[in-house]
Amino acid sequence: MATRIASLDDAPAMSRVLREIIAHTGRDRPSDEAFVTRQYIANPASIRCTVAIDDEGVVLGFQSLVRAEAGNRYEVPVGWGIIGTHISPRARRKGVGSALFRSSRKAAGQSELENIDAYIGADNQSGLRYYEAMGFQTYRTPEGIVQKVYTVG
Ligand SMILES: CC(C)(COP(=O)(O)OP(=O)(O)OC[C@H]1O[C@@H](n2cnc3c(N)ncnc32)[C@H](O)[C@@H]1OP(=O)(O)O)[C@@H](O)C(=O)NCCC(=O)NCCS
């Protein structure tokens with residue numbers, strides 16, 4: 001497994017990962033290629049979007065790190081990072097999320113971010129445990145949500 005910065009050519013594979021997660025969790029959400037391109041790969045607020053690939057180059061998952069802008073829907077303070085992690089159910093618990101965070105953490109340091117927000121469903125046990133393992137701590141709990149912060153330091 002390896003990680004690299006996402007390119008526009010990754011949109012179909014990243015869309016597939018989102019559809020696999022939807023099929024697995026039953027939680028619907030946007031997943032088409034145009035959304036992936038706009039939201040993750042070519043987002044003007046993006047700091048880094050990293051994909052993880054297997055030995056054959058198949059995309060296993062991705063992680064986006066964007067800079068929080070005024071009026072962001074998570075109500076994250078302007079200038080913080082906002083992170084999102086999406087890993088195929090086929091590839092879970094094999095260190096993919098950890099490898100992706102090493103890439104995002106590096107980009108956060110290079111961009112002089114001080115804090116990174118993770119916005120997680122309160123019922124998403126694997127998401128909660130994952131971000132805790134990466135060093136995030138709960139700072140806010142709007143209804144049904146847990147927001148965790150990572151201090152880049
Ligand atoms: C949550 C998610 C990102 C974890 O990714 P992953 O590649 O499985 O994570 P890793 O294998 O790198 O695990 C790192 C650590 O996180 C913790 N962890 C991850 N999944 C866990 C789970 N299901 N239960 C308990 N701990 C878990 C563990 O401490 C793990 O270390 P260990 O395996 O040595 O015990 C992945 O399952 C995913 O993309 N889920 C769907 C989307 C999602 O929920 N995104 C995040 C919240 S919005």
Side-chain angles (χ1 to χ4, degrees), residues 1-7 10-33 35-41 43 45-69 72-77 80-109 113 115-153:
M1 191 244 301
T3 61
R4 60 169 171 73
I5 292 174
S7 73
D10 291 315
M14 291 164 64
S15 172
R16 174 182 47 73
V17 167
L18 292 182
R19 290 197 308 274
E20 288 174 355
I21 294 171
I22 292 165
H24 185 78
T25 61
R27 287 189 218 112
D28 203 11
R29 42 161 302 159
S31 60
D32 58 89
E33 290 177 31
F35 170 80
V36 164
T37 301
R38 191 172 66 243
Q39 187 78 11
Y40 301 118
I41 307 173
N43 186 337
S46 179
I47 293 168
R48 180 179 292 183
C49 182
T50 309
V51 291
I53 53 173
D54 70 12
D55 294 346
E56 272 91 48
V58 175
V59 172
L60 302 171
F62 63 96
Q63 186 165 67
S64 73
L65 179 64
V66 302
R67 199 178 293 273
E69 296 181 323
N72 70 81
R73 68 188 180 102
Y74 306 111
E75 298 185 13
V76 171
W80 284 29
I82 300 175
I83 200 164
T85 313
H86 313 277
I87 293 162
S88 167
R90 294 177 287 109
R92 284 196 191 159
R93 212 71 194 265
K94 293 178 178 167
V96 175
S98 305
L100 288 170
F101 188 63
R102 282 194 288 277
S103 173
S104 298
R105 169 71 185 75
K106 190 171 173 189
L113 278 187
N115 295 294
I116 304 173
D117 171 278
Y119 186 93
I120 312 151
D123 61 350
N124 182 353
Q125 285 304 318
S126 58
L128 293 167
R129 297 288 90 78
Y130 164 71
Y131 282 115
E132 282 157 19
M134 297 304 107
F136 287 69
Q137 292 182 323
T138 300
Y139 76 101
R140 196 195 274 168
T141 53
E143 184 157 2
I145 299 294
V146 176
Q147 281 180 276
K148 290 184 178 288
V149 62
Y150 179 88
T151 304
V152 179

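Just so we're clear, the structure is a prediction, and the values are computed from it rather than from any experiment. One-based numbering, in listed order, for ligands and for the atoms of each.
Within a 6.0 Å sphere centred on CD of Q125, heavy atoms belonging to other residues, nucleotides or ligands number more than 12.
Each of the following atoms of ligand 1 lies closer than 4.0 Å to a heavy atom of Y131: 46 (C), 47 (C). When each atom of ligand 1 is checked for a heavy atom of A133 under 4.0 Å away, the hits are 15 (C), 16 (O), 17 (C), 29 (O). The H86 neighbourhood of ligand 1 comprises atoms 39 (O), with distances under 4.0 Å to a heavy atom of that residue. Against a heavy-atom cut-off of under 4.0 Å, V96 is close to the following atoms of ligand 1: 7 (O), 12 (O). Of all atoms in ligand 1, numbered sequentially from 1 with element shown, those under 4.0 Å from a heavy atom of S126 are 1 (C), 22 (C), 23 (N).
In summary, the side chains of S15 and R19 do present a donor paired with an acceptor at a separation below 3.5 Å, with no hydrogens or angles considered.
To the nearest 0.5 Å, atoms OG1 (T50) and CZ (R105) are separated by 13.5 Å. Note that OG of S103 is 7.5 Å distant from CD of Q63, once rounded to the nearest 0.5 Å. Atom OG1 in T3 sits 11.0 Å away from atom CG in L60 (nearest 0.5 Å).
The ring-ring contact (aromatic ring centres under 6.0 Å, His included) test with F101 singles out one residue from Y150, F62, Y130, and that residue is Y150.
Of the candidates R93, E20, Q125, R93 brings a heavy atom nearest to atom 24 (N) of ligand 1.
Within the 4.0 angstrom cut-off, atom 34 (O) of ligand 1 has no protein heavy-atom neighbours.
Only backbone heavy atoms of K94 (N, CA, C or O) come within less than 4.0 Å of ligand 1; its side chain stays farther off. Counting heavy atoms under 4.0 Å from ligand 1, residue I87 touches it through both backbone and side chain.
The nearest protein atom to atom 7 (O) of ligand 1, hydrogens excluded, is given as G97 N, 2.8 Å; this is a heavy-atom distance. Taking atom 47 (C) of ligand 1 as the reference point, the nearest protein heavy-atom neighbour is N124 ND2, 3.5 Å. In this structure, atom 14 (C) of ligand 1 lies nearest to the protein heavy atom S98 OG, 3.3 Å. Among protein heavy atoms, atom 26 (N) of ligand 1 sits closest to R129 CB, 3.3 Å. In this structure, the protein non-hydrogen atom closest to atom 48 (S) of ligand 1 is Y119 O, 3.9 Å. From the protein, the heavy atom lying nearest to atom 41 (C) of ligand 1 is R92 NH2, 3.1 Å.
A donor-acceptor distance shorter than 3.5 angstrom exists from the side chain of Q147 to the backbone of Y74, with no hydrogens or angles considered. Looking only at distances, no side-chain donor or acceptor of R29 sits under 3.5 Å from a matching main-chain atom of L18. Side-chain N or O atoms of S88 include one that pairs as donor or acceptor with a backbone N or O of R90 at under 3.5 Å.
Taking 4.0 Å as the cut-off, G95 counts as a neighbour of ligand 1 on heavy-atom distance. Put simply, no part of F101 is less than 4.0 Å from ligand 1, judged by heavy atoms.
Inclusion of I21 in the set of residues having an N or O under 3.5 Å from an N or O of ligand 1 is not warranted. Residue contacts with ligand 1: T85 is placed with a nitrogen or oxygen under 3.5 Å of a nitrogen or oxygen of the ligand (distance criterion only). By the 3.5 Å distance cut-off applied to N or O atoms, M134 is not counted among the residues near ligand 1.
Note on ring orientation: taking the six-membered ring where Trp is involved, the planes of F35 and Y40 are perpendicular (angle over 60°, cut-offs 30° and 60°).
The residues D54 and K94 are annotated as not salt-bridged, no charged nitrogen and carboxylate oxygen being separated by less than 4.0 angstrom.
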Inset, instruction - Applying side-chain contact (heavy atoms from CB on, under 4.5 Å), run through L113 and L65 and close with a yes or a no. - result: CA-CA 11 Å; L113 278 187; L65 179 64; 4.1 Å; yes
